[in-house]
Amino acid sequence: MTKKHQDLRRGVREVCSHFPGEYWRTLDAKRRYPEEFVAAMTEVGYLGALIPEEYGGMGLDLSAGCAILEEVNRSGANAGPAHAQMYTMGTLLRHGSEKQKSEYLPKIARGDLRLQAFAVTEPEAGTDTTSIRTTATRKGDHYVVNGRKIYISRVEQSDLMILLARTTPLEEVEKRSSGLSAFLVDLREAEGLTVRPRRVMMNNATSELVFEEARVPAQNIIGEEGEGFRYIIDGMNAERILIAAECVGDGRWFIEKATERAGEREVFGRSIGENQGVQFPIARAYANVEAAALMVEKAASLFDRGEPCGAEANLAKLLAADASWEAANAALQTFGGYGFDAGYDVERKLRETRLYQVAPISTNLILSYIAEHVLGLPRSF
Ligand SMILES: Cc1cc2nc3c(=O)[nH]c(=O)nc-3n(C[C@H](O)[C@H](O)[C@H](O)COP(=O)(O)OP(=O)(O)OC[C@H]3O[C@@H](n4cnc5c(N)ncnc54)[C@H](O)[C@@H]3O)c2cc1C
C-alpha cells in the first residue's frame, strides 16, 4: 500500500468519525438519505476523487477510489448512497464529448451537481441487459423515451442520471449488444418521467421509473448512438472493483467487531472468545477477507495500468462479496441475540452487505462469466 493511500485512508477516517453508528442507525430507521455525509465527503473532494484535476477533481486512480470506499465501510458507515458518482462519472469521462465533460464534471466535482443515478435494470429484462425494452427514438433535436426501469438508486437525490435505452430495435441489429445508447438525463427538467420509490431491505433510496414520451435533448447522448452497451460494460469493471473494496471494508468491520465482542463477552465465567467454536468462524472469515483484499488490489492495479482486468474485476467482486457475507454471519453468531439488536449495528451492516451478492451483478452471473470467459466452458445462455 502506498504512502499516499495511507494519508488518504486517514483523511477518510477523519470525515467518517463525524458520522458514528448512531447517525447511520437513525437514517436506517427513517430510510433517510445521508445528505450530511455526502456533503462532507464532497466538500473534501473524496466523491470527485476520480475526476481529473483539469475538471476540478482530485485526479486519483481507481486504487485510491478503492481505499476511500473501503475506509467508509470499515468505519461502520455505508458508501452505498454515495459510491455511484465515482463510477457513473467514468462513463461520461471516457465517452462524453469535450463539451459535456467541461460543462458537467467541474460542477460534479464541486458538488453543485450530483450524478448518482444509473438506469439500466428493467422489470422484464432483469440480468439480460440486451433485452431491455426502454426505447429512445430520435425526433428532430430530441430523443423521445418510453419504457420502465426498476430498482434505480438515488434518482430523487441526483440532478443527473445515465440512462441506457434501445435506439435501434432488437430485430434490426446484427448483435444484441448493438443499438443501445447511453444518455445523460437532466432530472431537474425531465418531463414525462414518473419516479415511484420502492422500499427495500436496507436504507437504499431505490425507485421504479416510468418514461412516457419523455424528451431528452439529442446533445445529451453520450458518445455514438448504438454504442451504449459497450460504454456501460466498460464502466462495469470499475464498478465491480470499487464495490468489492466496500465489501472488504465491511468484512474488516465485522471481524473487528466480532473479535472485540468475543474478547469482552463473558458466559460460563469466561470470555466466549476462549472457545475455538467461537474463534474459528472469525479466523476463517478473516482469512477470506484478506485474500479477497489481495484480489481487489490486483484488479485495481491492472485497471489503473490500462490492462485487461475483466476476469480480476469479477473475481474481486465475487470473493469480496462472499467474504463480507461470511464475516457478517460470523459477527452475528458471535454477538448472539445482540446481533439482532439494531443498537449494535451488526444487523444493519449485514443487510447492507447482503445486497452485493445480487447487485450490481449477481454471484451466479459472475460464476457464469468465469466459466465461459476464463475457463473456456460452453456458453450456457
Ligand atoms: C437495492 C438495489 C439497488 C439497485 N440499484 C440499481 C441501480 O442503481 N441501477 C440499476 O440499473 N439497477 C439497480 N439494481 C438492480 C440490480 O442490478 C438487479 O437487481 C440485479 O442485476 C439482478 O437483476 P434482477 O433483479 O432482475 O434479477 P433476475 O435477472 O430476475 O435474476 C434473479 C436470480 O436469478 C439468477 N439468474 C438469472 N439468470 C441466470 C442464469 N442464466 N444462470 C444462473 N442464474 C441466473 C440471478 O443470478 C439472480 O440471483 C438495484 C437492485 C437493488 C436490490
Side-chain angles (χ1 to χ4, degrees), residues 27-28 31 33-34 78-91 114-134 145 147-166 176 180-185 187 193 195-211 228-229 231-233 235-236 238-240 242-244 246-247 250 314 317-318 321-322 325 348-373 377-381:
L27 294 186
D28 184 64
R31 290 293 194 271
Y33 188 73
N78 178 18
H83 62 192
Q85 194 145 293
M86 280 201 187
Y87 48 81
T88 43
M89 174 287 298
T91 307
R114 276 194 204 149
L115 169 58
Q116 292 273 15
F118 181 53
V120 175
T121 307
E122 296 190 2
E124 292 87 4
T127 302
D128 183 7
T129 304
T130 58
S131 295
I132 62 168
R133 297 188 191 172
T134 297
V145 181
R148 281 167 71 206
K149 297 278 174 187
I150 188 83
Y151 305 127
I152 307 306
S153 302
R154 301 164 297 271
V155 177
E156 292 180 309
Q157 290 76 25
S158 291
D159 304 293
L160 304 168
M161 173 176 80
I162 290 181
L163 167 74
L164 188 71
R166 191 159 270 294
R176 296 178 65 83
L180 295 165
S181 301
F183 297 90
L184 192 63
V185 177
L187 293 163
L193 168 61
V195 179
R196 296 186 186 132
R198 309 282 305 199
R199 190 181 164 97
V200 290
M201 194 164 98
M202 78 298 294
N203 183 22
N204 186 311
T206 305
S207 303
E208 177 181 1
L209 310 183
V210 182
F211 294 90
F229 186 72
Y231 305 156
I232 298 287
I233 287 284
M236 282 178 177
E239 182 184 38
R240 284 170 201 178
L242 287 167
I243 286 181
E246 286 176 38
C247 291
D250 280 342
N314 277 292
K317 162 70 173 54
L318 176 83
D322 280 355
W325 180 233
R348 171 180 61 82
K349 292 279 285 178
L350 178 137
R351 284 184 280 117
E352 288 166 357
T353 216
R354 182 64 177 83
L355 175 66
Y356 299 127
Q357 295 281 329
V358 170
I361 181 165
S362 71
T363 300
N364 273 2
L365 268 286
I366 295 186
L367 290 171
S368 136
Y369 175 93
I370 295 169
E372 185 184 334
H373 297 282
L377 289 168
R379 185 176 174 80
S380 68
F381 56 89

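Just follow the structure's listing: the first ligand is 1, and inside any ligand the first atom is 1.
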Item to check | Residues Q116, D159; criterion side chain to side chain donor-acceptor pair (under 3.5 Å); working and verdict | outcome: CA-CA 8 Å; Q116 292 273 15; D159 304 293; over 6 Å; no
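- Residue N204 places no N or O, backbone or side chain, under 3.5 Å from any N or O of ligand 1.
- Contacts with ligand 1 closer than 4.0 Å are made by side-chain heavy atoms of S362 only, the backbone lying farther away.
- Remark: side-chain polar atoms of S158 are paired, donor with acceptor, to backbone N or O of R154 under 3.5 angstrom.
- Checking atom 47 (O) of ligand 1 against the protein gives a heavy-atom contact under 4.0 Å.
- Counting only heavy atoms, the protein gets under 4.0 Å from atom 50 (C) of ligand 1.
- For Y151, heavy-atom contacts with ligand 1 shorter than 4.0 Å involve the backbone as well as the side chain.
- When only non-hydrogen protein atoms are considered, atom 20 (C) of ligand 1 lies nearest to V358 O, 3.6 Å.
- Residue-to-ligand polar distances keep A125 apart from ligand 1: every N/O pair is separated by 3.5 Å or more.
- Closest to atom 10 (C) of ligand 1, if we only count protein heavy atoms, is T121 OG1, 3.3 Å.
- Checking side-chain atoms of K317 against main-chain N and O of I361 turns up a donor-acceptor pair under 3.5 Å.
- At least one protein heavy atom sits closer than 4.0 Å to atom 29 (O) of ligand 1.
- The backbone N or O of M201 sits less than 3.5 Å from a side-chain atom of R351, completing a donor-acceptor pair.
- Less than 4.0 angstrom separates some heavy atom of I152 from each of these atoms of ligand 1: 7 (C), 8 (O), 9 (N), 10 (C), 11 (O).
- Distances from atom 3 (C) of ligand 1 to the heavy atoms of S380, A84, S153 put S153 nearest.
- Within ligand 1, counting atoms from 1 as listed, the ones closer than 4.0 Å to a heavy atom of F381 are 41 (N).
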Checklist entry - E122 and T134: side chain to side chain donor-acceptor pair (under 3.5 Å), yes or no, with the steps? => result CA-CA 8 Å; E122 296 190 2; T134 297; 2.7 Å; yes
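- For atom 23 (O) of ligand 1, the closest non-hydrogen atom on the protein side is T127 OG1, 3.5 Å.
- Remark: of the listed residues R199, K149, R148, R148 is the sole one forming a salt bridge (charged side-chain N to carboxylate O under 4.0 Å, His left out) with E208.
- The proximity of D128 to ligand 1, defined as any non-hydrogen pair under 4.0 Å, does not occur for either the backbone or the side chain.
- Distance check: E246 CD to N78 CG gives 7.0 Å after rounding to the nearest 0.5 Å.
- Annotation: atom 2 (C) of ligand 1 to nearest protein heavy atom, L355 CD1, 3.8 Å.
- Closest protein heavy atom to atom 45 (C) of ligand 1: L365 CD2, 3.9 Å.
- In terms of polar-atom proximity, R154 is not counted as a contact of ligand 1, lacking any N or O under 3.5 Å from an N or O of the ligand.
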Next on the checklist: Determine whether L164 and I162 satisfy the following criterion, side-chain contact (heavy atoms from CB on, under 4.5 Å), listing intermediate values before the conclusion.
Outcome noted: CA-CA 7 Å; L164 188 71; I162 290 181; over 6 Å; no
Item to check | Audit row: N364, S362, side chain to side chain donor-acceptor pair (under 3.5 Å) steps and yes/no | outcome: CA-CA 5 Å; N364 273 2; S362 71; 5.7 Å; no
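- Of the possible polar contacts, one joining the Q357 side chain to the A321 backbone as a donor-acceptor pair under 3.5 Å is found.
- Nearest protein neighbour of atom 35 (C) of ligand 1, counting heavy atoms only, is N364 ND2, 4.2 Å.
- Relative to the six-membered ring of F381, R379 meets both conditions, a distance below 6.0 Å and an angle of at most 45° to the axis.
- Between the side chain of T88 and the backbone N or O of L115 there is at least one donor-acceptor pair closer than 3.5 Å.
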Next on the checklist: Set out, in order, the CA-CA distance, both residues' side-chain angles and the distance that settles side-chain contact (heavy atoms from CB on, under 4.5 Å) for I370 and L318, then state yes or no.
Outcome noted: CA-CA 10 Å; I370 295 169; L318 176 83; 4.2 Å; yes
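- Counting only heavy atoms of the protein, atom 21 (O) of ligand 1 lies nearest to P360 O, 3.5 Å.
- Distances from atom 6 (C) of ligand 1 to the protein include at least one heavy-atom value under 4.0 Å.
- Annotation: A119 places no N or O atom under 3.5 Å from an N or O atom of ligand 1; distance criterion only.
- Among all non-hydrogen protein atoms, the one lying nearest atom 26 (O) of ligand 1 is G126 CA, 3.0 Å.
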